[in-house]
J.: 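So that we are looking at the same thing, I have put the structure below in structure tokens.
The structure presented is a predicted model; accordingly, all values stated were derived computationally and were not measured.
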Amino acid sequence: MGLASYRRSVSETKRASILKAARKNFLSGGYSRAAMAEIAKDADVSTATLYKHFTSKDELFAAVVHEACTRTETVLQTDISGKSASAVLRHICNAYVRQQFDEEMNEFLRMVIAEVPSVPHLALEVYNKGILAYYNDFRKVMDGLVVRGDLKPHDTEAGVRYLGGMMKEFVVWPALFTQNFCKPEDLEAKLGACIDAYLQMYRS
């Protein structure tokens with residue numbers, strides 16, 4: 001490895017450590033109480049190194065949001081070929097559940113909502129780059145099922161919100177308002193009922 005490649009690798013490693021520490025601090029104390037010095041300490045870098053990567057807490061928070069949203073995008077990267085509409089929807093629903101719980105997205109959303117009065121522009125960024133981007137990617141999958149003939153032509157932009165709204169009743173809303181919320185034991189059956197309701201409306 002050349003010197004330039006080595007320096008780039010070290011820089012990327014430090015950036016990843018900073019983002020991990022920042023996410024932890026934002027989730028535990030909220031945006032307003034998170035301190036750049038504490039984030040640098042948890043990331044095992046100097047404060048100067050932190051500011052070399054991110055010039056402000058706003059910029060760092062935006063980067064954490066971007067990282068979270070990028071992971072959300074991977075949820076919907078699914079190949080529909082050879083899969084029934086029901087199987088495609090089940091894959092997306094299960095991936096969404098993993099995102100909300102295993103990737104701490106519910107905790108992240110709770111923190112962002114709490115910060116709306118103090119940093120509304122950052123909360124709006126989460127909504128636009130996270131929630132709306134998710135619905136847009138979901139819609140593209142549904143459009144593919146319409147083109148293939150599995151679903152009848154319909155307003156897929158509204159359709160994905162219907163399905164997303166049904167899922168949120170079991171996956172998001174209880175988690176936002178209940179501390180230490182755990183996935184219901186019958187969650188698979190409840191998600192299956194959401195999918196069945198969607199397909200009853202739109203299956204060809």
J.: Side-chain contact, heavy-atom cut-off 4.5 Å: Lys183 with Phe101?
T.: yes
J.: Taking Arg90 first and then Glu188, would you say they form a salt bridge - that is, a charged N and a carboxylate O separated by under 4.0 Å?
T.: yes
J.: Answer yes or no: does atom NZ of Lys168 have more than 12 heavy-atom neighbours from other residues, nucleotides or ligands under 6.0 Å?
T.: yes
J.: Is the shortest side-chain heavy-atom distance between Val119 and Val112 below 4.5 Å?
T.: no
J.: Is the shortest side-chain heavy-atom distance between Glu104 and Arg23 below 4.5 Å?
T.: yes
J.: Indicate yes or no: at least one non-hydrogen side-chain atom of Ile18 is less than 4.5 angstrom from one of Leu60.
T.: yes
J.: Compare all side-chain heavy atoms of Met142 with those of Leu145 and state whether any distance is below 4.5 angstrom.
T.: yes
J.: May I ask you to test the Phe108-Glu103 pair for a side-chain heavy-atom distance under 4.5 Å?
T.: no
J.: Tell me, please, which residues at least two apart from Lys140 pass side chain to side chain contact (heavy atoms under 4.5 Å, CB included).
T.: Asn136, Asp137
J.: Would you say Leu122 and Ile113 are hydrophobically clustered, going by side-chain heavy atoms of ILVMFWY under 4.5 Å?
T.: yes
J.: For the side chain of Arg139 and the backbone of Thr156, is there at least one donor-acceptor N/O pair under 3.5 Å apart?
T.: no
J.: For the CZ atom on Arg203, are there more than 12 heavy atoms of other groups (residues, nucleotides or ligands in this structure) within a distance under 6.0 Å?
T.: no
J.: Return yes if some donor-acceptor pair links the side-chain N/O of Lys57 with the main-chain N/O of Met36 below 3.5 Å, else return no.
T.: no
J.: Side chains of Ser56 and Glu59: donor-acceptor distance under 3.5 Å anywhere?
T.: no
J.: How many angstroms lie between atom CG of Leu89 and atom CE of Met167, to the nearest 0.5 angstrom?
T.: 9.0 Å
J.: Ignoring hydrogens and geometry, is there a side-chain-to-backbone donor-acceptor pair from Thr55 to Tyr51 under 3.5 Å?
T.: no
J.: Quick one: side chain to side chain contact (heavy atoms under 4.5 Å, CB included) partners of Ala35, sequence neighbours excluded?
T.: Glu38
J.: Checking Ile131 against Val126 for the side chain to side chain contact (heavy atoms under 4.5 Å, CB included) test, could you report, in this order, the C-alpha distance in whole Å, the side-chain angles of both residues, the deciding distance, and whether it holds?
T.: CA-CA 7 Å; Ile131 296 172; Val126 172; 5.5 Å; no
J.: When rounded to the nearest 0.5 angstrom, what is the spacing between CG in Asp150 and CG in Leu199?
T.: 9.5 Å
J.: So, does Arg33 use its side chain to make a donor-acceptor pair with the main chain of Gly29 at under 3.5 Å?
T.: yes
J.: Does atom CG (Asp44) have a neighbourhood of more than 12 heavy atoms from anything else shown, all under 6.0 Å?
T.: no
J.: Would you say the side chain of Arg110 lies within less than 4.5 Å of the side chain of Leu27, judging by non-hydrogen atoms?
T.: no
J.: Looking at OG of Ser81 and CZ of Arg148, how far apart are the two atoms once the value is rounded to the nearest 0.5 Å?
T.: 7.5 Å
J.: Is the backbone N or O of Ser32 less than 3.5 Å from a side-chain atom of Glu115, with the two atoms forming a donor-acceptor pair by type?
T.: yes
J.: Answer yes or no: is there a donor N or O on one side and an acceptor on the other, between the side chain of Thr178 and the main chain of Pro174, under 3.5 Å?
T.: yes
J.: Quick check: closest heavy atoms across Ile39 and Ala21, and the distance to 0.1 Å?
T.: O-CB, 3.6 Å
J.: How far apart are the closest heavy atoms of Tyr198 and His154, and which atoms are they?
T.: OH-NE2, 3.2 Å
J.: Working to the nearest 0.5 angstrom, can you tell me the gap between Asp42 CG and Asn25 CG?
T.: 5.0 Å
J.: Look at the side-chain heavy atoms of Ile, Leu, Val, Met, Phe, Trp and Tyr, link any pair under 4.5 Å apart, and say whether Leu132 and Val160 land in one connected group.
T.: yes
J.: So if you build clusters from Ile, Leu, Val, Met, Phe, Trp, Tyr with side-chain heavy-atom gaps below 4.5 Å, do Phe138 and Tyr127 land together?
T.: yes
J.: Is Phe170 reachable from Trp173 through a run of hydrophobic residues whose side-chain heavy atoms are each under 4.5 Å from the next?
T.: yes
J.: Report the C-alpha distance between Arg98 and Asp102 in whole Å, list the side-chain angles of each, state the deciding distance to 0.1 Å, and finish with yes or no for salt bridge (Lys or Arg N to Asp or Glu O under 4.0 Å).
T.: CA-CA 5 Å; Arg98 290 195 299 272; Asp102 299 345; 5.4 Å; no
J.: Can you confirm whether Tyr162 is buried at OH, in the sense that more than 12 heavy atoms of other residues, nucleotides or ligands lie under 6.0 Å from that atom?
T.: no
J.: What is the minimum heavy-atom distance between Val146 and Lys152, and which atoms define it?
T.: CG2-O, 3.8 Å
J.: With a 3.5 Å distance limit and no angle check, can you tell me whether Asp155 reaches the backbone of Ala158 through a side-chain donor-acceptor pair?
T.: yes
J.: Is there a path from Val147 to Tyr202 through hydrophobic residues (I, L, V, M, F, W, Y) whose side chains come within less than 4.5 Å of each other?
T.: no
J.: Which atom names give the shortest non-hydrogen contact between Ala63 and Phe54, and what distance separates them?
T.: CB-CE2, 3.4 Å
J.: Heavy-atom count check: over 12 atoms from other residues, nucleotides or ligands less than 6.0 Å from Lys24 NZ?
T.: no
J.: Could you tell me which residues satisfy side chain to side chain contact (heavy atoms under 4.5 Å, CB included) with Gln100, sequence neighbours excluded, listed by chain and number?
T.: Tyr96, Met105, Asn106, Leu109, Val171, Val172
J.: Which heavy atom of Ile195 sits nearest a heavy atom of Ser86, and at what distance?
T.: CG2-OG, 4.3 Å
J.: Please step through ring-ring contact (aromatic ring centres under 6.0 Å, His included) for the pair Phe26 and Phe61, ending with a clear verdict.
T.: CA-CA 8 Å; Phe26 288 141; Phe61 184 80; 5.1 Å; yes
J.: Looking at every heavy atom in both Met111 and Tyr31, which two are closest together, and how far apart are they?
T.: SD-N, 4.0 Å
